[in-house]
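Each remark here refers to the structure printed beneath this line.
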Amino acid sequence: MRSDLLRSKAIIIVGASSGLGKALAEKLSKEDSSLYLLSRTIELVNFPFEVHKINCDVKDQISISEAFQQVDKLTNTIDVIVNCVGVGLVKGLEETTKEEIKNVMQTNLLGAIFVSQEAYKRMLKNKSGHIINVVSTSGIKARPDETIYCASKWGLRGFTESLRLAAVTSKIRVTGIYPGGMQTNFWKGNEPKNLEEFMKPSDVAEQIVNVIKSPSSISPSEVVIERGL
């Protein structure tokens, strides 16, 4: 059911071309929000609702800067940004290449930091805004077959928590979302046998919408979303 809480709010979703990011865009389209969807392949996605598509490769700092320059031309305010972009890696450390390590760290950690920095600088001017970083339960639980992935997500958790404390005086909210396994292309090539039992991105997206809708008088610091029984 649509409410007026998010009407005309400027919301950026990074990593909106598939998985959780796309599901979140679909949920928010029903709220009459102004959506700015960033992704490396966003132009290839057809959305049955009005959005602003902006090409952005989070591994490229110039691409991030240019993407936010485009956002500036479209809106003077960023009310919410949700970092959904991420890449998985289920592999033993001894088998992991240096290129794979760099790819995971640049995407999951550095990309999220640089994107948050761009949004944060703009939010500081207005003394308002909400930064939401989608981390993972791998950011709070160690897993033997996800050493590099966990390292990137534990780093993102530390960044998110520290930024939350720094942003308080400027009335900017920062929230970490920690979902468990979802039915996305994260598992490509390593699909669990019980993948159909994993969470649907649309269900996790609904919980993020609830966080976005929460009144400014409260500041959700983290939301852990585990799989049901």
Side-chain angles (χ1 to χ4, degrees), residues 1-16 19-38 49-52 68 71-72 74-86 112-113 115-137 139-140 153 156-180 182 199-228:
M1 181 177 179
R2 186 185 65 77
S3 69
D4 292 329
L5 292 173
L6 302 182
R7 176 175 290 179
S8 301
K9 293 287 187 181
I11 301 177
I12 296 175
I13 303 174
V14 186
L20 179 58
K22 185 178 180 182
L24 181 59
E26 291 169 350
K27 292 285 184 182
L28 289 171
S29 70
K30 301 173 183 177
E31 302 290 338
D32 289 341
S33 303
S34 297
L35 300 178
Y36 304 84
L37 307 185
L38 278 59
F49 43 84
E50 185 177 350
V51 299
H52 300 283
F68 275 86
V71 170
D72 290 338
L74 297 168
T75 179
N76 294 321
T77 303
I78 297 174
D79 294 298
V80 181
I81 182 167
V82 186
N83 286 310
C84 291
V85 69
I113 290 174
V115 164
S116 296
Q117 183 183 44
E118 291 289 346
Y120 186 56
K121 288 189 294 187
R122 289 160 172 80
M123 290 177 178
L124 283 173
K125 295 178 181 178
N126 295 319
K127 298 291 184 181
S128 68
H130 195 171
I131 296 173
I132 299 175
N133 287 327
V134 177
V135 190
S136 165
T137 51
I140 52 179
K153 293 299 186 177
L156 181 55
R157 182 190 184 192
F159 167 75
T160 302
E161 283 294 296
S162 297
L163 181 59
R164 181 179 66 81
L165 297 177
V168 168
T169 56
S170 298
K171 298 183 179 180
I172 297 170
R173 299 193 293 173
V174 180
T175 304
I177 304 292
Y178 298 84
M182 289 183 286
M199 296 183 292
K200 296 178 181 179
S202 58
D203 291 337
V204 176
E206 187 67 38
Q207 300 309 308
I208 297 177
V209 172
N210 290 337
V211 170
I212 295 173
K213 285 183 175 180
S214 62
S216 58
S217 58
I218 67 172
S219 183
S221 59
E222 61 179 41
V223 178
V224 180
I225 307 172
E226 300 275 13
R227 277 187 285 155

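The structure displayed is predicted, hence computed values, not measured ones. Residues take their numbers from the sequence shown, with the count starting at 1.
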Which atom pair, heavy atoms only, marks the closest approach of [X] to [Y]?
{"X": "G180", "Y": "T137", "value": "CA-OG1, 3.6 Å"}
{"X": "N133", "Y": "S116", "value": "OD1-OG, 3.5 Å"}
{"X": "K27", "Y": "E206", "value": "NZ-OE1, 3.1 Å"}
{"X": "A167", "Y": "V174", "value": "CB-CG2, 4.0 Å"}
{"X": "L156", "Y": "A112", "value": "CD1-CB, 3.6 Å"}

Between [atom1] on residue [X] and [atom2] on residue [Y], distance to nearest 0.5 Å:
{"X": "L37", "Y": "I11", "atom1": "CG", "atom2": "CD1", "value": "10.0 Å"}
{"X": "S170", "Y": "M123", "atom1": "OG", "atom2": "CE", "value": "11.5 Å"}
{"X": "K171", "Y": "N126", "atom1": "NZ", "atom2": "CG", "value": "13.0 Å"}
{"X": "I172", "Y": "S219", "atom1": "CD1", "atom2": "OG", "value": "11.0 Å"}
{"X": "H130", "Y": "S216", "atom1": "NE2", "atom2": "OG", "value": "11.0 Å"}

- Task: In sequence, state the C-alpha distance, the side-chain angles, and the governing distance for T75 and S34, and then conclude on side-chain contact (heavy atoms from CB on, under 4.5 Å).
- Result: CA-CA 9 Å; T75 179; S34 297; over 6 Å; no
Does the side-chain contact (heavy atoms from CB on, under 4.5 Å) test come out yes or no for L24 and V134, once each step is laid out? CA-CA 12 Å; L24 181 59; V134 177; over 6 Å; no
Side chains of [X] and [Y]: closer than 4.5 Å at any heavy-atom pair?
{"X": "Y36", "Y": "I78", "answer": "no"}
{"X": "F68", "Y": "K121", "answer": "no"}
{"X": "K30", "Y": "F49", "answer": "no"}
{"X": "T160", "Y": "E222", "answer": "no"}

Just by distance, do the side chain of K9 and the backbone of S33 share a donor-acceptor pair under 3.5 Å?
-> no
Looking at D79 and A10, would you say the former's side chain and the latter's main chain have a donor-acceptor pair under 3.5 Å? yes
In V80, L163, V115, the residue satisfying side chain to side chain contact (heavy atoms under 4.5 Å, CB included) with I131 is L163
Side chain to side chain contact (heavy atoms under 4.5 Å, CB included) with R173: of S221, S128, P220, only one passes, and it is P220
Derivation and outcome, side-chain contact (heavy atoms from CB on, under 4.5 Å), residues I177 and V82:
CA-CA 10 Å; I177 304 292; V82 186; over 6 Å; no
side-chain hydrogen bond (donor to acceptor under 3.5 Å, both in side chains) filter on R157, not counting sequence neighbours, yields none
The side-chain contact (heavy atoms from CB on, under 4.5 Å) partners of N76 (sequence neighbours excluded) come to none
Review point. Has K125 got more than 12 heavy atoms of other residues, nucleotides or ligands less than 6.0 Å from its NZ?
Key: no
